[in-house]
Protein chains: 2
Amino acid sequence: MTNGEATAPRTLWDRSRQLASREILEAALRLFGEQGYEATTVAQIAHEAGVSQRTLFRYFGTKEDLLGGDPDRFVRALTAAIDELPADAGPWEALRTGIAAALELHESRHQALQRFRVLYATPSLRAGWLEKQLRFHERALPLIASRLHGSPGDADLMARAMIATAFACLDVAAKAWVDRNGKGEILDLYDRCVSAART
Amino acid sequence: MTNGEATAPRTLWDRSRQLASREILEAALRLFGEQGYEATTVAQIAHEAGVSQRTLFRYFGTKEDLLGGDPDRFVRALTAAIDELPADAGPWEALRTGIAAALELHESRHQALQRFRVLYATPSLRAGWLEKQLRFHERALPLIASRLHGSPGDADLMARAMIATAFACLDVAAKAWVDRNGKGEILDLYDRCVSAART
DNA sequence: CGCAGGTTGGCAGTGACTGTCAGGATGACG
DNA sequence: CGTCATCCTGACAGTCACTGCCAACCTGCG
């Protein structure tokens, strides 16, 4: 819930930048919720936010980015959380900690639910989301591989398998959370998914 | 390697249909391999295959479909293989059997490698592929859930977690297979991934 | 031969996205 | 306070995937 960066905007530019960004995001989320993702055109969002289409694309490179936000923030939170763990923490514990940290980035429970709802209601969006997760996989790879103690030749493959499994479970858990209208905790569902996968 | 349907084309229409489909596919795969997926335009493929762009889209609904082929065939092979299993086969064995059957659908080892290479070289394609896998998940759900014996309230969540894990492992395995230039068997890599995930 | 039904190609249009460029607002400096 | 470099913005044209529509066409069948 608490997002880490409270960067005080010094210049007027930064301030209006932030303002525009926020207004675009709000308009987008509202329209997506009202009429669905596909039925909402970028032109419409830009008009509602009071900016030109070109400017919208300067802030958010693609229409998908209007939902996902900045992926780098997630990567940073995830890797930072894992880095702080003691060296003897196992790979599964590390993954769980990183995912928990990434989930904390949502501004509010309500906004998280709103986002996930649109996400799981639109197949193409979900695909884009999965693609973004692949970048997390790459970044997490060295952090997880170093916590394995088996044969070093298989370390890369094993680490990849574990990471992929963890994020697959996260996906299932988030979807289940949406299906239950945000009742309960995603992390609890995640734990149950992982334990089921490792049975 | 052996694809099940040897439907003898009765009418001339069916025959030319099949021919056109094959030529389009060949041109697409060749161009994708030569210049990459994104750099290849649909207009170029249509021109090389000697059909209009409009016709190409009638055969393959989207540019992505030129690589993935008909997803229903995979679903059918997967579910059929699982259905033939005895009732006391566990969920993991069922998933492995289904995935093995789906992998058998590739015409040749070489074409499979060619396809996977393009797939893993293009992020957006990989995303679409993952999205198609989600349809497999849905179809496989009842077949797997029925093989669980734990608390029935959690059966849905557990089954989803297992399915998602299996396909995540398949993805990792296929990528590893491409990275090794098609050396070895995907299924072996898959087994190693699953055993790593369940450690 | 002629007809019904499926097939094809062209054409215009939509929507996401990009390059470019002139013009306006802003900040730094004298 | 004036000047100039810097950044930001909107507008326009263009590309590419994809769709609806329609006229022309071919095939199979009576």
Side-chain angles (χ1 to χ4, degrees), chain A residues 7-25 27-29 31-32 35-68 71 118 122-129 131-132, chain B residues 7-25 27-29 31-32 35-68 71 118 122-129 131-132:
Chain A
T7 52
R10 283 282 160 255
T11 106
L12 205 169
W13 278 346
D14 289 342
R15 238 175 305 154
S16 48
R17 259 181 101 84
Q18 201 167 322
L19 190 74
S21 171
R22 183 179 291 267
E23 279 191 31
I24 293 171
L25 221 60
L29 270 188
L31 290 171
F32 289 162
Q35 19 172 300
Y37 177 78
E38 319 237 79
T40 306
T41 69
V42 173
Q44 196 180 4
I45 299 170
H47 180 260
E48 294 266 322
V51 298
S52 77
Q53 216 177 113
R54 195 66 189 84
T55 297
L56 187 151
F57 276 116
R58 266 191 274 261
Y59 280 82
F60 303 89
T62 69
K63 190 182 176 186
E64 274 183 16
D65 290 349
L66 287 168
L67 209 77
V118 179
T122 316
S124 72
L125 261 181
R126 197 172 172 187
W129 166 238
E131 183 195 341
K132 267 179 205 144
Chain B
T7 52
R10 285 279 161 258
T11 103
L12 206 168
W13 276 349
D14 289 343
R15 237 175 305 155
S16 50
R17 257 182 102 84
Q18 201 166 323
L19 190 74
S21 170
R22 183 178 292 268
E23 280 190 32
I24 293 171
L25 221 60
L29 269 190
L31 290 171
F32 288 163
Q35 23 174 300
Y37 177 79
E38 318 238 79
T40 305
T41 68
V42 173
Q44 197 180 2
I45 300 170
H47 181 260
E48 294 265 324
V51 297
S52 77
Q53 216 177 116
R54 195 67 190 81
T55 298
L56 188 151
F57 276 116
R58 266 191 274 261
Y59 280 82
F60 303 89
T62 69
K63 190 183 178 187
E64 273 184 17
D65 291 348
L66 287 167
L67 209 77
V118 179
T122 315
S124 71
L125 262 181
R126 198 171 173 189
W129 166 238
E131 182 193 341
K132 267 177 205 144

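The chains referred to below are lettered A, B, ... by the order of the sequence lines, with proteins before strands, and numbering in each begins at 1.
- The minimum heavy-atom distance linking B:Leu25 with B:Leu66 is given by the pair CD1-O, 3.5 Å.
- Whole-Å rounding puts the B:Arg54 CZ to D:dA17 C1' distance at 12 Å.
- For A:Thr55 and D:dG10, the shortest distance from a side-chain N or O to OP1 or OP2 is below 4.0 Å.
- If you take OH of B:Tyr59 and C1' of C:dT7, they are 8 Å apart, rounded to a whole angstrom.
- Side-chain atoms of A:Thr40 come within 3.5 Å of backbone N or O of A:Gly36 as a donor-acceptor pair.
- When distances are taken from the side chain of A:Phe57 to each of C:dC17, C:dG10, D:dC18, the shortest belongs to C:dC17.
- When each of A:Val51 and B:Arg58 is assigned the nucleotide of DNA chain D with its nearest heavy atom, A:Val51 is the one assigned upstream, toward the 5' end.
- Counting non-hydrogen atoms under 4.0 angstrom, A:Thr40 reaches the backbone sugars and phosphates but no base.
- In this structure, B:Leu56 places its CG atom 14 Å from C1' of D:dT19, rounding to the nearest Å.
- Across the protein-nucleic acid pair, A:Gln53 atom CD and D:dG10 atom P stand 11 Å apart, rounded to whole Å.
- Heavy atoms of A:Ser16 sit nowhere under 4.0 angstrom from any nucleic acid atom.
- Distance from the side chain of B:Arg17 is smallest to C:dT7 among C:dT7, D:dA11, C:dA16.
- At whole-Å resolution of the value, CD1 in A:Ile24 and P in D:dT9 are 9 Å apart.
- One interatomic measurement links the two molecules: CG of A:Asp65 to C1' of C:dT18, which rounds to 15 Å at whole-angstrom precision.
- Using a 4.5 Å heavy-atom cutoff, the side chains of A:Leu19 and A:Glu23 are in contact.
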